[in-house]
Amino acid sequence: MASKASIPKGTRDFSPLEVSKRQYISSTIQEHFKTFGFQPIETPTFENSDTLMGKYGEEGDRLIFKILNSGDYLKKANSEAYQGKDSVRLASSISEKALKYDLTVPFARYVVQHQNEIDFPFKRFQIQNVYRADRPQRGRFREFTQCDADVIGSDSLWQEVEFIQLYDSVFTSLKLEGVTIKMNNRKILSGLAEVIGESDKLIDFTVALDKLDKIGEEGVKKEMLDKGISESAIENIQPIFNFNGDFATKISLLKSLLSNSEIGQQGIEELEFIQKALQELPLKTATLDLDVTLARGLNYYTGAIFEISAPAKVKMGSIGGGGRYDDLTGIFGLKNMSGVGISFGLDRIYLVLEELDLFPEEIKETTKVLFINFGEEEALYALKAITELRTASVSAELYPDAAKMKKQMTYADKRSIPYVVLAGGSEMQSEVYNLKNMKTGEQASYTKDDLIKKLTIS
RNA sequence: GUGGAUGUAGCUCAGUUGGUUAGAGCACUGGUUUGUGGUACCAGGGGUCGUGGGUUCGAGCCCCAUCUUCCACCCCA
């Protein structure tokens, strides 16, 4: 025994304070999900491997945690793959289950599996942990919480509009101002690739373009050349490297750039629809921005793409993302189901709120009042008031031992308990409770009924 | 998966070209104060220096391996 107590890398323990901060975020998000009409579902922590494998690209497969089969798994292992050191094939012969990598693919599986019970369009939300065998960094963990809301079974663009409003209301509610909702459309990216005659290199093209803010114009061009995109092609899209102005200005620039691409035009129309709608429905605190370099996200996005940037003063990657996928359930055999959804990265939002000191003061409070324990009889006297306080939904507790006063007071102080009740022999005599406000130091005696009244309203 | 840093008390960190018994601040425990915390003063406990090996008369310090955490890349919330 005596192995040092530890947890796997990329995972975390959460202290009481951390849990209450996390709950503050997730309950805020959940509240807004509900007011927008989403219903909760949950799916298993692990899925059959073939549900997940191959859905996130080659890179994604590498990052999926595989669960070793139980029993004598080596007996059934693919010995040919083992001999040939073919890890991928060997893994599939000794592992049939895997931890979920995101909430979207399991949701697609859920929709297909339960299609007869679901009323479409189906609006669901889901707040659960997901797992990635990635190397941890700041804001990047191997176990983390995603908060997803998706609509499946409708291709209406009003949903994109509502999702933008949803993002805005959540961040407004969290007092996180200065968030940017970056938006793009897969059809614009396809259009760009089409215009430059490199449609078959769409993915390479967009992945390179996505790095513009990181490696700069020259870096992007170099990566494109490395991927076999011709120099003249790159020149044709030169305008997007200096793509400034407001949403409407950018749209008109795109219109001329993509005038020969039907799919590009379609993407522009979609963006324009959303932009016009939001002119009539102004956002509260977030800013909407059109970012043609935005290509993040999974290969399955077909229309809108969203990504949320934290306020510029915080160094943090995206704190949320989402998009439209026309045929997500197709991979599980259910055709023509368009879906659109967004995700909030709870762990990263936590780090941002922490850095900007935006957690409300109240979440530190656990118990409202602590009764000092002076001995057996006094404890019983205290519990009579405590019982009634609890009935009145005031969290109250008795210090379990008749320890030294100083120790009990220190305990209350450390736990930021705002009130302490001192009720010893003399208080019992006159049937009162001495209430002390720990912040101001004020002290006064109350009858039991007045004590309960006082603590219920304050 | 690739590359770079890091690890000394519960926490944040000092620790000389390798040299006796490894330090500080905070935290903790007790006291000044037998029914009054958060401030002050006094005292005390606490470390196989990440782990395993090697070099040396001698290693916290040098070498190798391994693990952890952090940073960058890939990718992503």
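In what follows, chains are A, B, ... by sequence order, proteins preceding strands, each numbered from 1. Atom set for the values below is all heavy atoms of this structure, side chains included, hydrogens, waters and symmetry mates excluded.
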Just checking A:Glu59: base, sugar-phosphate only, or nothing, at a heavy-atom cut-off of under 4.0 Å?
base
**Prompt:** Is the distance between the ring centroids of A:Tyr411 and A:Tyr399 under 6.0 Å?
**Reply:** yes
**Request:** Sticking with atom P, work out how far B:U6 lies from B:C13, rounded to a whole angstrom.
**Result:** 13 Å
For nucleotides 31-37 of chain B, 5' to 3', base contacts (B), sugar-phosphate-only contacts (S) and non-contacts (-) with protein non-hydrogen atoms under 4.0 Å give S---BBB
Atom CZ of A:Arg12 and atom C1' of B:C70 are separated, to the nearest Å, by 15 Å
Whole-Å distance, A:Gln137 CD to B:U2 P, equals 15 Å
d(A:Ser343 OG, A:Ile308 CD1) to nearest 0.5 Å is 10.0 Å
Is the distance between the ring centroids of A:Phe344 and A:Phe171 under 6.0 Å? yes
Subject >> Base B:C75 paired with A:Arg140 side chain (donor-acceptor, <3.5 Å) >> reply: yes
Exercise for the section: Determine the Euclidean distance between corresponding P atoms of B:U68 and B:U55; express it in Å to zero decimal places. Expected result: 28 Å
Classify A:Gly322 by what it touches in the nucleic acid, base, sugar-phosphate, or nothing, heavy-atom distance under 4.0 Å. nothing
Result for side chain to side chain contact (heavy atoms under 4.5 Å, CB included) between A:Glu160 and one of A:Ile342, A:Val340, A:Leu278 points to A:Val340
Could you check, using the six-membered ring where one of them is a Trp, whether A:Phe38 and A:Phe163 have ring centers closer than 6.0 angstrom?
yes
- Task: For the residue pair A:Gln443 and A:Leu422, establish whether any side-chain heavy-atom pair is separated by less than 4.5 Å.
- Result: yes
Rounded to whole Å, the CG-P distance (A:Leu294 to B:C76) equals 11 Å
Examine the base of B:C76 for any acceptor or donor lying under 3.5 Å from a partner atom in the side chain of A:Arg348, and report the outcome as yes or no. yes
Check: For A:Val420, which contact category applies under a 4.0 Å heavy-atom criterion: base, sugar-phosphate, or nothing?
Finding: nothing
B:G19 and B:C75: how far apart are their P atoms, nearest whole angstrom?
-> 48 Å
| Same-atom distance (P) from B:U56 to B:C61, integer angstrom | 16 Å
A:Lys214 atom NZ is separated from B:C73 atom C1', nearest whole Å, by 8 Å
When you measure only distances, ignoring hydrogens and angles, does the side chain of A:Arg135 come within 3.5 Å of the base of B:U2 through a donor and an acceptor? yes
| query | For atom P, what is the distance between B:G47 and B:U51, given to the nearest Å? | reply | 14 Å
Please write out each protein N/O paired with an N/O of nucleotides 9-12 of chain B under 3.5 Å, distance rounded to 0.1 Å.
none

Assign A:Gly57 to base, sugar-phosphate, or nothing according to its heavy-atom contacts below 4.0 angstrom with the strands shown. nothing
Inset, instruction - Give one of base, sugar-phosphate or nothing for A:Arg132, where a contact means two heavy atoms less than 4.0 Å apart. - result: base
task: Report the relative orientation of the aromatic rings in A:Phe371 and A:Tyr433; use parallel for angles under 30°, tilted for 30 to 60°, perpendicular for over 60°.
output: perpendicular
Separation of B:C74 atom P from A:Ile64 atom CD1, nearest Å, is 21 Å
Taken to the nearest whole Å, CG/A:Asp102 to C1'/B:A77 is 10 Å
Separation of B:U68 atom C1' from A:Asp13 atom CG, nearest Å, is 15 Å
Notebook entry, point to check: So, A:Tyr350 versus A:Phe359, ring centres under 6.0 angstrom or not?
Noted result: yes
### Query
According to the interplanar angle, ranging from 0 to 90°, do the rings of A:Tyr167 and A:Phe306 count as parallel (below 30°), tilted (30 to 60°) or perpendicular (above 60°)?
perpendicular
note: A:Ile7, atom CD1; B:C67, atom P; distance rounded to Å ~ 18 Å
Q) Looking for any heavy atom pair under 4.0 Å, which part of the strands does A:Phe344 touch: base, sugar-phosphate only, or nothing? A) nothing
Would you measure the distance from the C1' atom in B:C11 across to the matching atom in B:U69 and give it in whole Å? 15 Å
* To do: Please check if the side chain of A:Gln408 supplies one atom and the backbone of A:Asn373 the other of a donor-acceptor pair under 3.5 Å.
  => yes
To the nearest 0.5 Å, atom CG of A:Asp61 lies from atom OH of A:Tyr101 at 9.0 Å
**Request:** Determine the interatomic distance between C1' on B:U17 and the same-named atom on B:G58; round to the nearest Å.
**Result:** 15 Å
